[in-house]
Amino acid sequence: MDAKSKNLESSLTVPSVQELSLKNPHEVPQRYVRDDDTQRDELHKLHLACKDWGVFQMVNHGVSSVNNMGNEVKRFFELPLQEKKRWAQKPASLEGYGQAFVTSQEQKLDWNDMIFLKSLPIQNRNLDLWPQNPPQFRETLEKYSEDMREEAISIMSFITLALGLEDTKISESFHEGLYDIRMNCYPPCPEPERVLGIVPHADNSAITLLVDFGDFPGLQFLKDVKWVSVEPIEGAIVANIGHIIEVMTNGIYKAPEHRAVVNKEKERLSIVTFCYPSPSIDIGPVEKLTDEDNGQVYKNMTHAEYFNRFFNRKLDQSFIDSLRL
Ligand SMILES: O=C(O)CCC(=O)C(=O)O
Ligand SMILES: [Fe+2]
């Protein structure tokens, strides 16, 4: 019956809801169950954020350790240089306190000191590089990385739903995933417009969870050939797509280019968690996301092959392009 011909002055007879309720049913009959429009709308927004920007900011996430971790990182960078150097990077390793990705004497440098630590799984930890000063640092980082793992699992389950995938294999693989944490300190700079805090790059993670402890916009994403600043929101988590999700979604979601800029008067700290799925799952486009209209763009790789390609990449070539078929 079409809407126009309905007589709205009468109602069809249906069961009494009081009677229904008195029967104490375990489930509500299907006829009463409404579609969850709110969740559908939210997933659609998430899909658009991942597709059009590759980055979104989360508030009210419930991660309680964010502030404590921020305070510990602040205390660490306030220590005298000699003390921080107790946990300095060893030659030929990226882990520990120092500066990232310096490969030649000629290379331009980032205006950034950092400490980079592998945090999960526990057996990946190099505890000789985990600061024991400030005294609560290690304990706080343990809690923080567990919280970030929970957050990553939850985001990945929403991302897979947003992609229309029912298979939970991907999000579940983040339970046994790898979590590396980079804590950045961008000190005030006399000529901020002439330097960069971090050179433009996209992350090789699946997703990256960043907490910004600055009170000026320092993180910028490239969108339609313009740099767009992320306004810092106290306690928020900025999530961005990394190359692994770009490969797995066959390019539906892309790992965005981003960089950090610095300030003349103010220091800025950030804590960045790089989240990777379990080494037991392969990295390649999910079959359901490829078809005739969207033919497979990226290679299928094991986790080990992916990292091998990353650590042996040519610095004059885009890493993601090197993963194309
Ligand atoms: O600190 C920031 O705002 C950016 C950090 C970042 O992109 C990274 O560590 O990969
Ligand atoms: Fe990054």
Side-chain angles (χ1 to χ4, degrees), residues 50 53-58 66 69-70 72-74 76-77 89 93-103 107-119 141 144-145 148 151-152 155 178-189 192 195-223 227-247 253-263 266-276 307 310-311 313 315 318-320:
C50 292
W53 287 85
V55 57
F56 52 93
Q57 189 149 210
M58 294 180 293
V66 163
M69 193 67 237
E72 293 305 303
V73 172
K74 187 165 186 300
F76 174 78
F77 282 113
Q89 287 161 333
S93 162
L94 294 175
E95 259 198 288
Y97 167 71
Q99 291 73 32
F101 299 120
V102 182
T103 51
Q107 182 189 327
K108 293 284 179 197
L109 301 176
D110 292 342
W111 193 264
N112 165 290
D113 286 344
M114 57 117 218
I115 175 160
F116 177 71
L117 298 169
K118 295 184 180 184
S119 190
L141 185 56
Y144 183 78
S145 32
M148 286 295 140
E151 207 54 23
I155 296 168
L178 312 183
Y179 297 84
D180 297 345
I181 304 198
R182 176 173 159 155
M183 292 150 263
N184 293 301
C185 173
Y186 305 96
C189 175
V195 307
L196 283 173
I198 287 194
V199 72
H201 66 283
D203 297 334
N204 79 341
S205 57
I207 45 165
T208 301
L209 304 179
L210 179 145
V211 182
D212 190 334
F213 294 92
D215 63 357
F216 63 90
L219 173 62
Q220 300 183 327
F221 283 84
L222 193 60
K223 168 80 173 143
W227 289 104
V228 180
S229 295
V230 176
E231 284 298 326
I233 302 176
E234 205 184 320
I237 299 176
V238 180
N240 72 261
I241 300 291
H243 285 140
I244 294 182
I245 292 298
E246 178 159 350
V247 170
Y253 296 166
K254 296 202 168 49
E257 286 270 304
H258 54 285
R259 67 179 189 180
V261 295
V262 298
N263 188 277
K266 293 177 182 172
E267 177 186 82
R268 173 171 171 265
L269 302 178
S270 69
I271 306 180
V272 189
T273 310
F274 301 100
C275 315
Y276 304 86
F307 276 97
F310 180 73
F311 288 117
R313 71 195 184 278
L315 289 174
S318 130
F319 174 57
I320 191 73

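Order of listing sets the numbers, starting from 1, for every ligand and every atom in it.
- Counting only non-hydrogen atoms, the option in His258, Gln220, Arg182, Arg268 that gets closest to atom 7 (O) of ligand 1 is His258.
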**Request:** Verify side-chain contact (heavy atoms from CB on, under 4.5 Å) between Gln99 and Asp113, making sure each step is shown before the conclusion.
**Result:** CA-CA 5 Å; Gln99 291 73 32; Asp113 286 344; 2.7 Å; yes
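- The two residues Ile198 and Arg259 have their closest heavy-atom pair at O-CB, 3.3 Å.
- His243 places a side-chain N or O within donor-acceptor distance of the main-chain N or O of Asp203, the cut-off being under 3.5 Å.
- The atoms of ligand 1 that sit less than 4.0 Å from any heavy atom of Phe274 are 8 (C), 9 (O), 10 (O).
- Remark: ligand 1 atoms within the under-4.0 Å shell around heavy atoms of Asp203 are 10 (O).
- Every atom of ligand 1 with a heavy atom of Ser270 under 4.0 Å away is listed here by number and element: 1 (O), 2 (C).
- Listed by number with element, the atoms of ligand 1 under 4.0 angstrom from any heavy atom of Asn184 are 1 (O), 5 (C), 9 (O).
- Between the NE2 atom of His201 and the OD1 atom of Asp203, the angle taken at the Fe ion (ligand 2) works out to 90° after rounding to 10°.
- Nearest non-hydrogen protein atom to atom 2 (C) of ligand 1 is Tyr186 OH, 3.2 Å.
- Glu95 has its side chain out of reach of Gln89: every pair of non-hydrogen atoms, C-beta onward, lies at least 4.5 Å apart.
- A donor-acceptor contact closer than 3.5 angstrom links the side chains of Asn204 and Tyr276.
- Of all the heavy atoms of Ile198, the ones lying under 4.0 Å from any atom of ligand 1 belong exclusively to the side chain.
- At a 4.0 Å heavy-atom cut-off, ligand 1 does not touch Thr208 at all.
- For Glu234, the CD atom sits in a loose shell: 12 or fewer heavy atoms of surrounding residues, nucleotides or ligands are nearer than 6.0 Å.
- Using cut-offs of 30° and 60° for the angle between ring planes, the Tyr97 and Phe77 rings count as tilted.
- The protein atom (non-hydrogen) at minimum distance from atom 10 (O) of ligand 1 is His201 NE2, 3.1 Å.
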